[in-house]
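Counting begins at 1 with the first residue of the sequence.
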Amino acid sequence: MTQTSLSFLKGHGTENDFVIVPDPDNAIELPATAVAKLCDRRAGIGGDGVLHVVRSAAHPEAKAMAGEAEWFMDYRNSDGSIAEMCGNGVRVFARYLQYAGHVEPGDLAVATRGGVKRVHLDKHGDVTVSMGRAEFPEGEVTVSVGDRSWPARNVNMGNPHAVAFVDSLDDAGSLYDTPPFSPASAYPAGVNVEFVADRGPRHVAMRVHERGSGETRSCGTGACAVAVAAIRRDGADPAETGEQVTYTVDLPGGTLVITEYPDGRIDMTGPAVIVGSGEFDATWLAETAFV
């Protein structure tokens, strides 16, 4: 019998919102056109991306991680493109696993294209994700808005970021389209661009253009990239001081707390909420997405 409806949920982390598609056996085909249709805010369900929930052992890209993490976050941007990682998405993914009864509150592991992420899940409160270590590719990068340009810190959090410090977040413009950057060779697969303004000691605010999604209300990996860039700008690198350091990062959708340790590990803490569930018409998806 042909399946006529498919289940979905909706969740968000600091208003970075996702369509969650449970598919333990990796039986649902989700081409880029289908993902884009699901994420369409006028003609679909609407979201900044899709969290395709698959058992690691059932997905060819995650089989090697199945021994460490039972579940794989097959993350897609809202335009259907594949992303290595999504920090807010990992928190919402973990909250979904709890909501669905797959895991209990506490510590768990989630497989992603950016590697296995360690998560601590409070029963009702925030979710903390161990985001790994930041890498700082060599070379100078510049980002531009209109006729203005700023130097940017090149940070990789499993996905690429260009972090620019500005006087005002209004300097970022609309962020609907990707801000121009140079050299083009710095980001051959595109980049997430963050504009950052100071709010106080170890406290910054940011706006972000997410690769494949446009401006979003929040970006977890972006907040981590911003924090580590600010830490180095402020001369507080834990590898040099021997002391962990925590920065508060304000985003349009809420606040994330980022801690970097002397060994380079980065923790991100913030909310994750499941807001509802339902079904979408599989026929509609097939007719409108496979074109």
Side-chain angles (χ1 to χ4, degrees), residues 12-18 39 41 46-49 77-79 81 83-89 131 134 136-137 139-234 247-258 266 268 270-271:
H12 79 93
T14 51
E15 297 183 9
N16 200 186
D17 63 331
F18 308 97
C39 291
R41 295 190 183 279
D48 292 323
N77 295 312
S78 63
D79 66 353
S81 60
E84 303 91 340
M85 244 296 286
C86 176
N88 288 320
M131 298 289 288
F136 300 92
E140 296 182 356
V141 176
T142 299
V143 298
S144 302
V145 176
D147 59 358
R148 301 183 66 186
S149 297
W150 297 266
R153 188 73 187 245
N154 190 348
V155 183
N156 194 290
M157 286 299 309
N159 56 358
H161 298 268
V163 180
F165 292 92
V166 296
D167 294 329
S168 168
L169 294 183
D170 291 339
D171 293 339
S174 71
L175 290 185
Y176 181 81
D177 296 315
T178 306
F181 60 86
S182 63
S185 59
Y187 304 108
V191 65
N192 304 287
V193 182
E194 289 84 19
F195 292 87
V196 189
D198 289 304
R199 290 291 182 263
R202 298 188 177 180
H203 186 181
V204 296
M206 63 174 276
R207 290 176 59 199
V208 58
H209 172 94
E210 281 200 66
R211 176 185 56 171
S213 296
E215 182 170 15
T216 59
R217 299 283 293 170
S218 181
C219 176
T221 57
C224 293
V226 163
V228 298
I231 286 168
R232 279 144 186 81
R233 180 201 63 172
D234 296 342
Y247 273 59
T248 298
V249 182
D250 293 338
L251 307 105
T255 296
L256 295 171
V257 177
I258 313 298
I266 299 166
M268 173 187 64

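- Once rounded to the nearest 0.5 Å, the distance linking CG of N16 with SG of C86 reads 5.0 Å.
- Not one N or O on the side chain of R211 forms a donor-acceptor pair closer than 3.5 Å with the backbone of N192.
- Considering only heavy atoms from C-beta on, M206 stays 4.5 Å or farther from V204 through its side chain.
- Counting heavy atoms from C-beta outward, T142 and W150 have side chains that stay 4.5 Å or more apart.
- Of all heavy-atom pairs spanning A164 and V143, the tightest one is CB-CG2, 3.7 Å.
- Closest approach of A186 to V141, counting heavy atoms only: CB-CG2, 4.1 Å.
- Side-chain contact between I266 and I258: present, with at least one pair of heavy atoms (C-beta onward) separated by less than 4.5 Å.
- At least one side-chain heavy atom of N154 sits less than 4.5 Å from a side-chain heavy atom of Y187.
- For the pair C39/D48, no side-chain contact is recorded, criterion being any heavy-atom separation below 4.5 Å from C-beta on.
- The shortest side-chain heavy-atom distance between F18 and N88 falls under the 4.5 Å cut-off.
- Not a single donor-acceptor pair under 3.5 Å links the side chain of S182 to the backbone N or O of A184.
- The CD atom of E194 sits 12.5 Å away from atom CZ of R207, with the distance rounded to the nearest 0.5 Å.
- A 4.5 Å side-chain heavy-atom check between T221 and M131 finds at least one atom pair inside the cut-off.
- One N or O on the side chain of N156 and one on the backbone of G158 form a donor-acceptor pair closer than 3.5 Å.
- Residue M157 comes nearest to C224 through the heavy atom pair CE-CB, 3.8 Å, listed as atom of the first residue, atom of the second, then distance.
- For H209 (side chain) and L175 (main-chain N/O), a donor-acceptor pair under 3.5 Å exists by modelled atom type.
- Remark: the backbone N or O of S81 is paired with a side-chain donor or acceptor of D79 at under 3.5 angstrom.
- Salt-bridge formation is not detected for the pair R199/D250: no Lys NZ or Arg NE/NH1/NH2 atom is positioned less than 4.0 Å from an Asp or Glu carboxylate oxygen.
- Across L169 and A197, no two heavy atoms sit closer than the pair CD2-N, 3.8 Å.
- Between V155 and A134, the shortest heavy-atom distance links the atoms CG1-CB, 4.1 Å.
- Contact check for V196 versus R233: no side-chain heavy atoms found under the 4.5 Å cut-off.
- Taking every heavy atom of both residues into account, R232 and F136 meet most closely at NE-CZ, 3.2 Å.
- How far CG of D171 is from CZ of F195: 8.5 Å, rounded to the nearest 0.5 Å.
- H161 NE2 to E210 CD: the interatomic distance, rounded to the nearest 0.5 Å, is 8.0 Å.
- Interatomic distance, OG1 of T255 versus NE2 of H203, reported as 6.0 Å (0.5 Å rounding).
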